Amino acid sequence: HNVLFKIKSGIKDEEIHAALQLVFELQKVLPGFIRAAAGKCRFHKNYPAQVDRLFGFSIDFQDESAYEIFLSDPITH
């Protein structure tokens with residue numbers, strides 16, 4: 001599961017880092033969570049204006065069932 005998003009200006013790097021770390025905390029509570037990656041988007045490095053403040057995360061799930069649990073209610077599972 002991949003998510004890209006922009007962070008508004010004025011948010012400190014430390015705050016962004018803390019928020020992205022929460023993605024990894026989901027591994028403790030979501031069944032079927034295999035691994036995650038999170039950070040600044042570097043896909044379009046030749047277009048710096050398009051990726052300024054662009055971040056994302058990716059979570060790999062064990063199977064479709066684990067992914068569906070994440071989509072339906074990621075907090076209580």
Side-chain angles (χ1 to χ4, degrees):
H1 182 65
N2 300 304
V3 176
L4 291 175
F5 52 92
K6 281 199 166 194
I7 302 286
K8 64 183 178 180
S9 61
I11 305 298
K12 296 177 183 175
D13 289 343
E14 297 81 20
E15 294 173 290
I16 296 168
H17 177 75
L20 292 174
Q21 289 305 305
L22 295 174
V23 172
F24 298 102
E25 293 295 316
L26 289 173
Q27 189 166 18
K28 297 175 185 175
V29 296
L30 283 177
F33 183 120
I34 298 173
R35 69 183 149 266
K40 182 150 179 53
C41 177
R42 293 175 177 29
F43 295 133
H44 305 289
K45 63 183 176 184
N46 294 330
Y47 302 97
Q50 292 179 359
V51 296
D52 183 46
R53 309 292 289 173
L54 184 64
F55 290 80
F57 65 87
S58 177
I59 299 174
D60 293 335
F61 292 95
Q62 180 179 341
D63 54 26
E64 190 72 23
S65 175
Y67 177 62
E68 290 299 325
I69 289 171
F70 169 76
L71 291 179
S72 66
D73 191 2
I75 302 302
T76 60
H77 290 88

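Keep in mind it's a predicted model, so treat the numbers as computed, not measured. Sequence positions, counted from 1, serve as the residue numbers for this chain.
The CD atom of E25 sits 9.5 Å away from atom CD of Q27, with the distance rounded to the nearest 0.5 Å. Distance check: I7 CD1 to L54 CG gives 9.0 Å after rounding to the nearest 0.5 Å. With rounding to the nearest 0.5 angstrom, the CD atom of E64 is 8.5 Å from the CG atom of L71.
Checked by atom type and distance alone, the side chain of Q62 never pairs as donor or acceptor with a backbone atom of F33 at under 3.5 Å.
Residue F5 is grouped with residue I59 when hydrophobic side chains (ILVMFWY) are merged at heavy-atom distances under 4.5 angstrom, including chains of intermediate members. With hydrophobic clusters built from ILVMFWY side chains whose heavy atoms lie under 4.5 angstrom apart, F70 does not share a cluster with F24. Grouping the Ile, Leu, Val, Met, Phe, Trp and Tyr side chains by contacts below 4.5 angstrom, directly or via other members, places V3 apart from I34.
Across all their heavy atoms, F57 and A38 have their closest contact at CB-CB, 3.8 Å. Summarising the geometry of L20 relative to G39, their closest heavy-atom pair is CD1-CA, 3.7 Å, with the distance given to 0.1 Å. Contact between I69 and P31 at its shortest, heavy atoms only, is CD1-CG, 4.1 Å. Taking both residues in full, the closest heavy atoms of V23 and A36 are given as CG1-CB, 4.0 Å, listed atom of the first, atom of the second, then distance. Of all non-hydrogen atoms in A66 and G32, the two that sit nearest each other are CB-CA, 3.7 Å. Residues D13 and R53 come closest through the heavy atom pair OD1-NH1, 4.0 Å.
A distance of 6.0 Å or more separates the ring centres of F61 and H1.
Residues I16 and K40 fail the side-chain proximity criterion, which asks for heavy atoms closer than 4.5 Å.
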